[in-house]
Amino acid sequence: MSPPVLDRRALLGRLEIFSELGPAELDAVVAATRAKVFAAREVVVRQGDPAEMAFAVVYGRLKVVTTSSGDQQTVLGVLREGEIFGELAILDGGVRSATVIAIEPTLLLGIDRRKLHALLIREATVSYKLLRVLARRLRQVNESRGVLDVPARLAKQLIQLAEEDGERIGRRIRLRTELSQRELGAMIGATRESVNKTLAAFVKRGVLQAEGKQLVILDEEALRAMAEGGGAGEASLRKPRGGAG
């Protein structure tokens with residue numbers, strides 16, 4: 001199946017990593033790209049393989065999976081339209097840290113490593129702008145993990161999952177993405193035990209409910225307050241719902 005005609009400059013311009021580039025600079029990056037369609041369940045990249053391309057998601061969904069030495073698989077997350085993956089590996093020349101598999105028919109815009117490297121060597125301004133964006137992203141990750149405690153980080157992750165793939169039923173939001181406690185922990189940098197304890201506290205407070213393998217948000221407002229509360233997350237779990245102090 002041939003990929004459709006795309007406005008590649010517009011697609012790249014919407015990605016955070018290229019957000020500081022001007023039209024001419026984006027056109028130079030466009031020259032390093034090619035579009036490819038993947039069928040449902042098709043593997044896009046494999047963990048441990050050399051990274052030859054980064055990919056921007058034009059449409060579709062993909063899951064990011066890691067495999068341990070004991071062949072145990074862990075889903076780290078789900079990628080959707082407007083997201084990019086593999087950009088760090090093609091910049092530092094490393095191998096793939098995870099396997100990425102299409103969940104449904106997916107169109108990706110690939111960015112060739114060799115062509116991008118040639119551009120970065122040739123255009124110092126483009127290199128500098130990409131460096132600024134990557135430094136900002138690293139700072140945001142460090143601040144998020146350093147300031148937010150586990151309840152706040154988990155609440156924030158659940159809100160993100162709800163926004164990306166939640167099914168709203170009245171005031172309730174069912175999370176259609178099924179993730180184990182270990183997988184949630186991997187996504188927020190916490191242990192499975194910490195996630196288990198925090199989920200139990202969310203349920204006890206009436207913020208969350210488990211229905212089979214799916215989680216249902218019962219009180220979105222309270223969950224958002226926890227997500228934005230920083231260090232107050234742990235303390236908020238100890239307060240009775242609706243109580244004072």
S.K.: Please report the C-alpha distance between Lys63 and Ile101 in whole Å, then the side-chain angles of each, then the deciding distance to 0.1 Å, and finally whether the side-chain contact (heavy atoms from CB on, under 4.5 Å) criterion is met.
M.R.: CA-CA 5 Å; Lys63 63 180 178 180; Ile101 306 168; 4.1 Å; yes

S.K.: Minimum heavy-atom separation for Phe18 to Leu12, with atom names?
M.R.: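 Between these two residues, the closest heavy atoms are CB-O, 3.5 Å.
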
S.K.: Donor-acceptor pair, Glu83 side chain versus Arg80 backbone, under 3.5 Å?
M.R.: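 It does hold such a pair.
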
S.K.: Strictly below 4.0 Å, N to O, side chains only: are Arg61 and Glu104 in salt-bridge contact?
M.R.: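 Salt bridge: yes.
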
S.K.: Would you say the side-chain atoms of Thr33 pair up with the backbone N or O of Ile111, donor to acceptor, closer than 3.5 Å?
M.R.: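 Not a single qualifying donor-acceptor pair exists.
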
S.K.: Tell me whether Leu21 is reachable from Leu131 by hopping between hydrophobic residues (I, L, V, M, F, W, Y) whose side-chain heavy atoms are closer than 4.5 Å.
M.R.: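 No, separate clusters.
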
S.K.: Under a 4.0 Å threshold between the charged nitrogen and the carboxylate oxygen, would Asp27 count as salt-bridged to Arg9?
M.R.: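 Result for this pair is yes, salt bridge flagged.
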
S.K.: Before accepting this row, confirm whether a basic side-chain N of the pair Lys115/Glu52 lies closer than 4.0 Å to the acidic partner's carboxylate O.
M.R.: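 Answer for the salt bridge query: no.
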
S.K.: Looking at every non-hydrogen atom in both residues, tell me the closest pair between Ala98 and Val64 and how far apart they are.
M.R.: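 So the two residues come closest at CB-CG1, 3.6 Å.
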
S.K.: Check side chain to side chain donor-acceptor pair (under 3.5 Å) between Arg96 and all other residues, then give those that pass, not counting sequence neighbours.
M.R.: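 Scan of Arg96 (side chain to side chain donor-acceptor pair (under 3.5 Å), adjacent residues dropped) gives none.
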
S.K.: Indicate yes or no: does Arg171 engage Glu220 in a salt bridge with an N to O separation below 4.0 Å.
M.R.: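 Between Glu220 and Arg171 there is no salt bridge, as every charged N stays at least 4.0 Å from the carboxylate O atoms.
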
S.K.: Give the minimum heavy-atom separation between Thr106 and Gly60, together with the two atoms involved.
M.R.: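 Taking Thr106 first and Gly60 second, the nearest heavy atoms are OG1-CA, 3.6 Å.
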
S.K.: Side chains of Val100 and Val65: closer than 4.5 Å at any heavy-atom pair?
M.R.: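 Not in contact.
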
S.K.: Does the pair Thr66 and Ser97 meet the rule for a side-chain contact (heavy atoms from CB on, under 4.5 Å), with working shown?
M.R.: CA-CA 7 Å; Thr66 60; Ser97 59; over 6 Å; no

S.K.: Taking side chain as C-beta onward, heavy atoms only, is Val78 less than 4.5 Å from Leu161?
M.R.: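 Side chain of Val78 against side chain of Leu161, heavy atoms only: no contact under 4.5 Å found.
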
S.K.: Taking atom CD1 of Ile217 and atom CZ of Arg168, what is their separation to the nearest 0.5 Å?
M.R.: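 Rounded to the nearest 0.5 Å, the CD1-CZ separation comes out at 8.5 Å.
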
S.K.: Nearest 0.5 angstrom please: Leu109 CG to Arg34 CZ, how far?
M.R.: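 Those atoms lie 10.5 Å apart.
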
S.K.: Between Ala40 and Ile103, which heavy-atom pair has the shortest distance, and what is it?
M.R.: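 The answer is CB-O, 3.6 Å.
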
S.K.: Atom CG in Leu199, atom CD in Gln209: separation rounded to 0.5 Å?
M.R.: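 Interatomic distance, Leu199 CG to Gln209 CD, rounded to 0.5 Å: 13.0 Å.
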
S.K.: Mind telling me whether Phe55 and Phe85 have parallel, tilted or perpendicular rings, with 30° and 60° as the class edges?
M.R.: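 Parallel: the ring planes of Phe85 and Phe55 meet at under 30°.
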
S.K.: Just so I know, are the side chains of Ile159 and Lys156 near enough to count as touching, which here means a heavy-atom distance under 4.5 Å?
M.R.: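 The answer is no; the side chains never approach within 4.5 Å.
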
S.K.: Begin with the C-alpha distance, continue with both residues' side-chain angles, and end with the deciding distance and a verdict on salt bridge (charged side-chain N to carboxylate O under 4.0 Å, His left out) for Arg113 and Glu87.
M.R.: CA-CA 9 Å; Arg113 180 178 67 85; Glu87 70 276 27; over 6 Å; no

S.K.: Just by modelled atom types, is the Leu120 backbone N or O under 3.5 Å from a matching donor or acceptor in the Glu123 side chain?
M.R.: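 No, because the side chain of Glu123 does not come within donor-acceptor range (under 3.5 Å) of the backbone of Leu120.
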
S.K.: Just verifying a value: how many Å separate Leu154 CG and Gln181 CD, rounded to the nearest 0.5 Å?
M.R.: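 It is 9.5 Å, given to the nearest 0.5 Å.
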
S.K.: Counting distance only, does the side-chain N/O of His117 pair as donor-acceptor with the main-chain N or O of Asp112 below 3.5 Å?
M.R.: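 No; zero donor-acceptor contacts below 3.5 Å.
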
S.K.: Give the cluster check for Leu119 versus Val30: same hydrophobic cluster or not, with ILVMFWY residues linked at side-chain heavy-atom distances below 4.5 Å.
M.R.: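 Looking at the clustering, Val30 is in the same group as Leu119.
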
S.K.: Please report the shortest heavy-atom distance between Leu107 and Ala35, naming the atom on each side.
M.R.: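 Result for this residue pair: CD1-CB, 4.2 Å.
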
S.K.: Charged N to carboxylate O under 4.0 angstrom, Glu211 versus Arg172?
M.R.: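 Salt bridge flag = yes for Arg172 with Glu211.
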
S.K.: How many angstroms lie between CD1 in Ile84 and CD1 in Ile17, if you round to the nearest 0.5 Å?
M.R.: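 So the gap between those two atoms works out to 5.0 Å.
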
S.K.: Check whether more than 12 heavy atoms from other residues, nucleotides or ligands sit under 6.0 Å from atom CZ of Arg174, and answer yes or no.
M.R.: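 Yes - once you tally the heavy atoms of other residues, nucleotides and ligands closer than 6.0 Å, there are more than 12.
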
S.K.: What I'd like to find out is whether the side chain of Ser19 reaches to under 4.5 Å of the side chain of Arg132, using heavy atoms alone.
M.R.: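 Sidechains of Arg132 and Ser19: no contact.
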
S.K.: Could you state the interatomic distance from CG (Leu208) to OG1 (Thr198), rounded to the nearest 0.5 Å?
M.R.: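 The OG1 atom of Thr198 is 11.0 Å from CG of Leu208, to the nearest 0.5 Å.
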
S.K.: Is there a salt bridge (charged side-chain N to carboxylate O under 4.0 Å, His left out) between Glu16 and Lys129? Walk through the geometry before answering.
M.R.: CA-CA 11 Å; Glu16 182 189 12; Lys129 289 180 177 180; over 6 Å; no

S.K.: For a 4.5 angstrom cut-off between non-hydrogen side-chain atoms, does Ile169 reach Glu167?
M.R.: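 Heavy-atom side-chain distance check passes, below 4.5 Å.
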
S.K.: Verify the cluster assignment for Val58 and Val37: are they in a single hydrophobic cluster under the rule of side-chain heavy atoms below 4.5 Å apart?
M.R.: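 Yes; Val37 is reachable from Val58 via cluster members.
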
S.K.: Is a donor on one side and an acceptor on the other found under 3.5 Å between the side chain of Ser194 and the backbone of Ala190?
M.R.: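 No, Ser194 side chain to Ala190 backbone: no donor-acceptor pair under 3.5 Å.
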
S.K.: Quick check: is Leu26 connected to Ile90 through a chain of hydrophobic side chains (ILVMFWY, heavy atoms under 4.5 Å apart)?
M.R.: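 Hydrophobic grouping puts Ile90 with Leu26.
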
S.K.: Locate the shortest heavy-atom distance separating Ala222 from Val207; write the atom from each residue and the value.
M.R.: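 Reported closest heavy-atom pair: CB-CG2, 4.1 Å.
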
S.K.: Please tell me whether Val29 and Tyr128 are part of a single hydrophobic cluster in this structure, the criterion being side-chain heavy atoms less than 4.5 Å apart.
M.R.: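 Cluster IDs for Val29 and Tyr128 differ.
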
S.K.: Please check if the number of heavy atoms outside Glu163 that lie under 6.0 Å from its CD is greater than 12.
M.R.: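 Enclosed: over 12 neighbouring heavy atoms sit under 6.0 Å from CD of Glu163.
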
S.K.: Are Leu223 and Leu158 close enough that some pair of their side-chain heavy atoms sits under 4.5 Å apart?
M.R.: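 The answer is yes; the side chains approach within 4.5 Å.
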
S.K.: Please list, one pair per line, the donor and acceptor atoms closer than 3.5 Å that link side chains of residues 41-50 to other protein atoms, with sequence neighbours excluded.
M.R.:
unit_1	atom_1	unit_2	atom_2	d
Glu42	OE1	Ala39	N	2.9
Gln47	OE1	Thr67	N	2.8
Gln47	NE2	Thr67	O	3.4

